[in-house]
2 protein chains.
Amino acid sequence: MTVTIRDVAERAGVAVGTVSRYLNGYQLREKNRVKVEQAIQELGFKENVIAKSLKRNRSMTIAVVIPNYLTLFFMAVTKMLEQILEGYSYSLLLCDFDHDPTILQDKLRFVKDRFVDGLILFPSNIAEKNLVMLQEFLNDAIPVVLIEQPLPGIETDVIMVDNAHASFRAVEQLILHNHRRIALVNGKEEVYVFGERLRGYREAMRTYNLPVDEGWIVSEWFSEAGEYTAIKSLFTSPPHPTAIYATHLHATIGTVMALHKLHLRIPEDVSLIGFDSFDMLDAIEPPLTLVEQPIEQIATDAATLIIRRIRGDDDDFPHTITLNTTMLMRDSVLTL
Amino acid sequence: MTVTIRDVAERAGVAVGTVSRYLNGYQLREKNRVKVEQAIQELGFKENVIAKSLKRNRSMTIAVVIPNYLTLFFMAVTKMLEQILEGYSYSLLLCDFDHDPTILQDKLRFVKDRFVDGLILFPSNIAEKNLVMLQEFLNDAIPVVLIEQPLPGIETDVIMVDNAHASFRAVEQLILHNHRRIALVNGKEEVYVFGERLRGYREAMRTYNLPVDEGWIVSEWFSEAGEYTAIKSLFTSPPHPTAIYATHLHATIGTVMALHKLHLRIPEDVSLIGFDSFDMLDAIEPPLTLVEQPIEQIATDAATLIIRRIRGDDDDFPHTITLNTTMLMRDSVLTL
DNA sequence: TTGTAAGCGTTATCAT
DNA sequence: ATGATAACGCTTACAA
């Protein structure tokens, strides 16, 4: 039923080794090359990736483990990763761990048992046991590339953006437009990137000698329905903030909705800088000024690096690449 | 380095076959069972999925091919699929084809060459060559389960929701609240589900003897920036619609934003029923009345069915399961 | 450059 | 119930 390398060899009148070599890009005597190619054509031969994997001890699969399938940033990077890595004949074994260290542990175990050739991980929320497991990957010489953040005690490659600096520049932008009372709508601070984004906010305020009212710092998920209340409270007792910096996509949408409900116009009543740029934001009026992450670059760097590591090129190991965000300047910031 | 079934056998003082049988759940003599378990423990043996795959001619991988990673509905179903299928020790080989038949063709080829044991496909936009390729899967006895829609000439299992009926009920709901002028914000009609949703709208209007102004039917993606203009035009020359039915998540968000920009209140000025329920909608005031798809059920049915097919249970083949949507009644519909 | 054959880690057949 | 052994489809020395 299935046609193997042996069938091809027989048909072409050469040895199996010759066919194998042909398939792996070795030079054949011209006459043999033609015969092999013809036999492959005629028999409709497809090489068996699994047999190859067993023999070469490579699964040609890379695990991509992300905190949540429903977060567009993660999926946008994954989309690029898939595109690039498929070009190198790698499959992705994608896993969602729901920001849960216990599930993460399962997934890491799962992918390790599937003999993945490398691991690309977006860490998010991590427990000690996860670190131990990650170290196991490294000890077994399975390359690990972290995206978004380093991990304590894990010596490996990291691709990240400078979140603190991104925040600094966003807040600075507001300050340069003469805003002094700037609120922050952030994610949970325990998550590394949100801690960094908060830090950048504080640094900018400090640099420009602006006081920070702790009441201006909101860090709830709007899905927990607390965000509207929190944003509302920003505007109950004067002096109100004149600008808001929202540090992720959901926060951005939530803030827009909350301001709408409060009958506050953007930017006439409140200026806004949001984070991440996805097409659903295009529906918002006015076009928002946004911090954009270099999604393609993140994916390209991660893919390139893991391929290099898999191929045994450990030249610059461990390598941390810190990328810059860009500001998409549009119409949601008013000069006071 | 790697410990194999042979090492275990040796350590336990039994034959490799015995260990293999143990691993596959066969009964062992009590004494041997203990010895084998002990040996496995002591050596830290992990079975090699790849060798197993080669021998059994099963990759323990199921392809899940979806039109776009950035559409929450697809990812929500995928999330559930992963959860369920991992319970059966299957990996997912996930692919995004960007609603592009040519890319789809590549992906189908790719997953077929990886010897997946089954295929779960959300068809979306399909070309003739894709149908041929799908037939190849079926001819090679690789089970295919379609989600969202059947495909002409492809005799296989389908899990879908009754989109026309969902629309009918949503529009009927508006009509029962005394709305007569109801606009539709839909996706491109060439896509099966949007064709169906449009059909349900027309049927409801016809059933209640209401005229349909073709100008009320909008079918652009808001990301193409046309939606705002389209929705605005609904309200330029009277008589205006008093209600809008938006048939997908992006349309729902886009409509809310457009109404906001037009200073039209929900539901005082315009009633709205949206489609799909994701947490970003929680930020919207008032809580929207929504059509909800049974995401868990879709995933469960698809997973169960493909597992059954892989196991050779073809009892009811081909089987089409049509699920019902539910209406989440909230505060965005006003009784006139 | 090519042929031969061993072996990757399993499963499964056939005896016992 | 278990042991011995031949595959599964491929890669890779080693020899020629």
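Order of the sequence lines sets the chain letters (A, B, ...), proteins ahead of strands, with each chain counted from 1.
- Contact annotation for Leu28(B): backbone-only contact, meaning every heavy-atom pair under 4.0 Å involves sugar-phosphate atoms and none involves a base.
- Here the OG1 atom belonging to Thr156(A) is positioned 11.5 Å from the CZ atom belonging to Phe137(A), to the nearest 0.5 angstrom.
- Residues satisfying the salt bridge (Lys or Arg N to Asp or Glu O under 4.0 Å) test with Asp100(B), not counting sequence neighbours, are none.
- Across all strands shown, Ser53(A) has no heavy atoms under 4.0 Å from either base or sugar-phosphate atoms.
- Taking atom OH on Tyr22(A) and atom P on dG3(C), their separation rounds to 16 Å, with Å as the unit.
- Ionic pairing of Asp315(B) and Arg308(B) is not present here: no N-O contact between side-chain nitrogen and carboxylate oxygen is shorter than 4.0 angstrom.
- Note: CG (Asn57(A)) to P (dG9(C)) measures 7 Å, nearest angstrom.
- Looking at Val161(B) and Pro294(B), their side chains come closer than 4.5 Å, going by heavy atoms from C-beta outward.
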Pair Gln293(A)-Asp276(A), side-chain hydrogen bond (donor to acceptor under 3.5 Å, both in side chains): steps then yes or no: CA-CA 6 Å; Gln293(A) 300 195 69; Asp276(A) 280 341; 3.0 Å; yes
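- Heavy-atom distances under 4.0 Å link DNA chain C to no residue of residues 111-118 of chain B.
- Within the 3.5 Å criterion, the main-chain N or O of Phe73(A) finds no donor-acceptor partner in the side chain of Thr71(A).
- Rounded to whole angstrom, the span from the CG atom of Leu54(B) across to the C1' atom of dG7(C) amounts to 12 Å.
- Contacts of Arg56(A) classified as side-chain contact (heavy atoms from CB on, under 4.5 Å), with partners at least two apart in sequence or in another chain: Asn24(A), Lys52(A), Arg58(A), Met60(A).
- Between Ile50(B) atom CD1 and dT11(C) atom P the separation is 14 Å, expressed in whole Å.
- One can place CG of Asp7(A) at 10 Å from P of dC8(D), the figure rounded to the nearest angstrom.
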Just distance, no hydrogens or angles: give the donor-acceptor pairs under 3.5 Å from side chains in residues 10-20 of chain B, sequence neighbours left out.
residue	atom	partner	partner atom	Å
Arg11(B)	NE	Glu42(B)	OE1	2.8
Arg11(B)	NH2	Glu42(B)	OE1	2.8

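- Per the geometry, NZ belonging to Lys35(B) stands 13 Å off C1' belonging to dA1(D), to the nearest Å.
- The backbone N or O of Ala51(B) sits nowhere less than 3.5 Å from a side-chain atom of Ser53(B) that would complete a donor-acceptor pair.
- Considering only heavy atoms from C-beta on, Tyr69(A) stays 4.5 Å or farther from Thr78(A) through its side chain.
- Salt bridge status for Glu296(B) with Lys79(B): absent, with no side-chain N to carboxylate O gap under 4.0 Å.
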Contact string for nucleotides 10-16 of chain D, one letter per nucleotide 5' to 3', B = base within protein heavy-atom range under 4.0 Å, S = sugar-phosphate only, - = neither, reads BBBB---
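- If one axis is set at each end of the helix from dT1(C)-dA16(D) to dT16(C)-dA1(D) from five pairs, those axes are 30° apart, to 10°.
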